Amino acid sequence: MVLAVWLVSFTYTWIALMLAASAIKRHHQQCLASMKQTRIRKTGMRKDDSTKVWPLRREQLLHIEDHDFSTRPGFGGSPVPVGIDVQVESIDSISEVDMDFTMTFYLRHYWKDERLAFPSTTNKSMTFDHRLIQKIWVPDIFFVHSKRSFIHDTTVENIMLRVHPDGNVLFSLRITVSAMCFMDFSRFPLDTQNCSLELESYAYNEEDLMLYWKHGNKSLNTEEHIALSQFFIEEFSASSGLAFYSSTGWYYRLFINFVLRRHIFFFVLQTYFPAMLMVMLSWVSFWIDRRAVPARVSLGITTVLTMSTIVTGVSASMPQVSYVKAVDVYMWVSSLFVFLSVIEYAAVNYLTTVEEWKQLNRRGKISGTYNIDAVQAMAFDGCYHDSETDVDQTSFSLHSEEDSMRAKFTGSPCTDLSQIKRKSMGGNVGRIILENNHAIDTYSRIVFPIVYIIFNLFYWGIYV
């Protein structure tokens, strides 16, 4: 009886275990089937989504791992042709002191590398960013005579690589370059400067790489809004040539040429016009009475110092060149005219003094007395006199040395000469100045303006 019960319990336990095992097996098969369907579904989504980028597949498609890209395409054969075109975005600055310019532009390279060819049913190109550049061969272009340069990296490096199924490659980057410009300032500020940016391969000479403009003269394009504060951009042109290095041979070189003509209006307002005003102001001295020493001397010194300030300001903003510039010619000639106006008055003053002393000596010998008129009285006392009413050929005797000394040391000359009465000149001042003008002043009023006008005609005719 006990045995029968034990057998029945064993049978039920075995049946339960078999049923549990069968359920677990079915659940495992269902999980495997579900995972398989999920993988199939994801694979279909990858095939349908063309926006997904899989670097490993692209590199395998381009056969990057199967080739040595440390050598140029077609190594050992004819030189690889590399076409260039440039889109100039801006000319940022031009410095006369440093003799350089800064330019921002898009530099595009075109060449064919059959190692990058890939099969394509749609014949569409593939575009990459800067991360693939390190793994393939690209031309090693550098800028001759450059001082500073950099590739823009906001928000990422501005580099683009486009590969076509037949192996044609477009490599584009955005660069800012500061390069030397050998300027000639002999006609400054009426000058025109010719600057150029030169492109060349650093490692590959003419036997390995041939640089050329992709679209001829149309390979160089510029933005229409390019403008500079001091220059007009007259011309942009592209040219090419060869450069020779004694140790490495001949290299292809491309030139981006541009012609700059300086704006003259700024310098007319800041330099030429003030210089003209100072020269004309110095001529006012010729119309001031020759006995007004303080007025004429102060006017002459003021104009000389002002011209010196203008010349110094112009020189401070220019490079220290060893030749004469056009602005130097104008500034120094203008300074010479101002200086000569001061010298002219020195001559007038000296000759006037000599002439008056001769007249006094001659009158003293004839009559033993000194007769002075209004002009001579003003020479002694510095006061204006009306020769018709105040001074009627007033005579005063200098018979004794004591009288002379008393007149010298007592009071103002205007009050000591009792015979000479001072009063307002009114409208007679101009007549007296004209009647008693020195001959040198008379000629200077005509000669100085005429000579300066002739100089300006020659100057602007030669340099403009």
Side-chain angles (χ1 to χ4, degrees), residues 72 82-111 130 133-134 137-154 156-161 170-185 191-206 208-214 217 219-223 226-231 233-260 319-321:
R72 68 174 179 84
V82 177
I84 299 290
D85 72 43
V86 171
Q87 175 77 34
V88 179
E89 182 179 343
S90 64
I91 297 179
D92 304 315
S93 64
I94 296 176
S95 173
E96 292 88 355
V97 177
D98 298 327
M99 288 194 181
D100 63 10
F101 64 92
T102 302
M103 179 188 295
T104 300
F105 56 93
Y106 299 92
L107 178 62
R108 305 184 183 97
H109 312 68
Y110 302 85
W111 74 93
H130 64 280
I133 300 300
Q134 304 297 329
W137 180 91
V138 294
D140 58 337
I141 303 299
F142 81 105
F143 302 100
V144 186
H145 306 307
S146 66
K147 296 181 178 180
R148 298 169 300 276
S149 62
F150 63 91
I151 299 174
H152 291 259
D153 55 1
T154 305
V156 296
E157 289 190 30
N158 297 172
I159 297 177
M160 184 267 289
L161 183 71
L170 165 61
F171 174 41
S172 176
L173 60 163
R174 181 168 174 252
I175 304 178
T176 294
V177 178
S178 296
M180 295 179 60
C181 178
F182 301 99
M183 301 181 181
D184 180 15
F185 296 107
D191 56 334
T192 299
Q193 302 296 341
N194 297 304
C195 298
S196 64
L197 183 64
E198 304 172 11
L199 293 78
E200 184 181 308
S201 172
Y202 190 83
Y204 300 101
N205 59 21
E206 63 172 351
D208 291 315
L209 188 145
M210 181 183 68
L211 283 179
Y212 69 97
W213 290 109
K214 178 68 174 178
N217 293 331
S219 301
L220 183 60
N221 302 304
T222 60
E223 297 288 345
I226 292 180
L228 298 171
S229 60
Q230 288 193 33
F231 292 93
I233 302 177
E234 289 191 338
E235 179 184 358
F236 262 108
S237 62
S239 61
S240 60
L242 289 172
F244 177 73
Y245 299 90
S246 59
S247 57
T248 54
W250 292 89
Y251 292 79
Y252 285 95
R253 181 176 292 184
L254 302 181
F255 301 87
I256 302 173
N257 307 305
F258 53 97
V259 181
L260 303 171
Q320 305 301 316
V321 296

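Numbering of residues begins at 1 and proceeds along the displayed sequence. Side chains are part of it too, since the values below use all heavy atoms of this structure and drop only hydrogens, waters and symmetry mates. Please read these numbers as outputs of a predicted model, since none were measured by experiment.
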Worksheet entry | Residues Asp191 and Gln193: side-chain donor-acceptor under 3.5 angstrom | yes
Discussion item. Measuring only between side-chain heavy atoms, which start at C-beta, is Trp250 closer than 4.5 Å to Asn205?
Written reply: no
Fill in: Results of side-chain contact (heavy atoms from CB on, under 4.5 Å) for Arg148 - residues two or more places apart only
Asp100, Ser178
Worksheet entry | Parallel, tilted or perpendicular: rings of Trp137 and Trp111 (30°, 60°) | perpendicular
Worksheet item: Could you walk me through whether Ile233 and Ile226 pass the side-chain contact (heavy atoms from CB on, under 4.5 Å) check?
Response: CA-CA 8 Å; Ile233 302 177; Ile226 292 180; 3.2 Å; yes
Worksheet item: Is any side-chain heavy atom of Gln230 less than 4.5 Å from a side-chain heavy atom of Ile94?
Response: no
Fill in: Leu161 and Leu170: CA distance, side-chain angles, deciding distance, side-chain contact (heavy atoms from CB on, under 4.5 Å) verdict
CA-CA 6 Å; Leu161 183 71; Leu170 165 61; over 6 Å; no
Response to the item:
Smallest heavy-atom separation, Trp213 atom then Phe255 atom, equals CZ2-O, 3.4 Å
Discussion item. Given 3.5 Å as the limit, does a donor-acceptor pair link the side chain of Asp98 with the main chain of Glu96, or not?
Written reply: no
Worksheet item: Do Val177 and Leu197 have side-chain heavy atoms sitting under 4.5 Å apart?
Response: yes
Item to complete: State whether a side-chain donor-acceptor pair under 3.5 Å links Asn257 with Ser239.
Response: yes
Worksheet item: Between Tyr252 and Tyr212, does the ring centre distance come in under 6.0 Å?
Response: no
Practice prompt. Please step through side chain to side chain donor-acceptor pair (under 3.5 Å) for the pair Tyr110 and Asp85, ending with a clear verdict.
Written response: CA-CA 9 Å; Tyr110 302 85; Asp85 72 43; 2.8 Å; yes
Practice prompt. Check whether any side-chain heavy atom of Asp153 sits under 4.5 Å from a side-chain heavy atom of Asn158, and report yes or no.
Written response: no
Item to complete: Applying side-chain contact (heavy atoms from CB on, under 4.5 Å), run through His130 and Met160 and close with a yes or a no.
Response: CA-CA 6 Å; His130 64 280; Met160 184 267 289; over 6 Å; no
Item to complete: Measure across Arg108 and Ser172 and return the closest heavy-atom pair with its distance rounded to 0.1 Å.
Response: CG-OG, 3.6 Å
Worksheet entry | Non-hydrogen atoms of Leu228 and Ile91 that approach each other most closely | CD2-O, 3.2 Å
Practice prompt. Please assess Glu198 against Leu254 for the test side-chain contact (heavy atoms from CB on, under 4.5 Å), listing each intermediate value before the final yes or no.
Written response: CA-CA 6 Å; Glu198 304 172 11; Leu254 302 181; over 6 Å; no
Worksheet item: To the nearest 0.5 Å, how far apart are CG in Asn221 and CZ in Phe236?
Response: 11.0 Å
Worksheet item: Which of these passes side-chain contact (heavy atoms from CB on, under 4.5 Å) with His109: Leu211, Leu173, Val138?
Response: Leu173
Practice prompt. Scan Thr102, Asp92, Thr104 and name whichever one has a side chain to side chain donor-acceptor pair (under 3.5 Å) with Thr176.
Written response: Thr104
Worksheet item: Which atom pair, heavy atoms only, marks the closest approach of Phe171 to Ile159?
Response: CE1-CG2, 3.4 Å
Worksheet item: If you measure from CZ on Arg253 to CZ on Phe244, what distance do you get to the nearest 0.5 Å?
Response: 12.5 Å
Worksheet item: How many angstroms lie between CG in Leu260 and CZ in Phe231, if you round to the nearest 0.5 Å?
Response: 6.0 Å
Worksheet item: Is the centre of the Phe105 ring less than 6.0 Å from the centre of the Phe143 ring?
Response: yes
Worksheet item: At what distance, to the nearest 0.5 angstrom, does OG of Ser201 lie from CD of Glu206?
Response: 12.0 Å
Response to the item:
OG of Ser196 to CE of Met180, rounded to nearest 0.5 Å, is 11.0 Å
Discussion item. Any donor-acceptor pair under 3.5 Å linking the side-chain atoms of Asn217 with those of Ser237?
Written reply: no
Worksheet, complete the sentence: Closest non-hydrogen contact found for Met183 with Met99 is O-CE, 4.0 Å
Worksheet item: To the nearest 0.5 Å, how far apart are CD1 in Ile175 and CG in Leu107?
Response: 5.0 Å
Worksheet item: With side chains defined as the heavy atoms from C-beta onward, is the minimum distance between Leu242 and Tyr251 less than 4.5 Å?
Response: no
Worksheet, complete the sentence: Between Asn194 and Cys181, the two heavy atoms sitting closest are O-SG, 3.9 Å
Worksheet item: Does the ring centre of Phe101 sit less than 6.0 Å away from the ring centre of Phe258?
Response: yes
Worksheet item: Any salt bridge between Arg72 and Asp208, counting N to O under 4.0 Å?
Response: yes
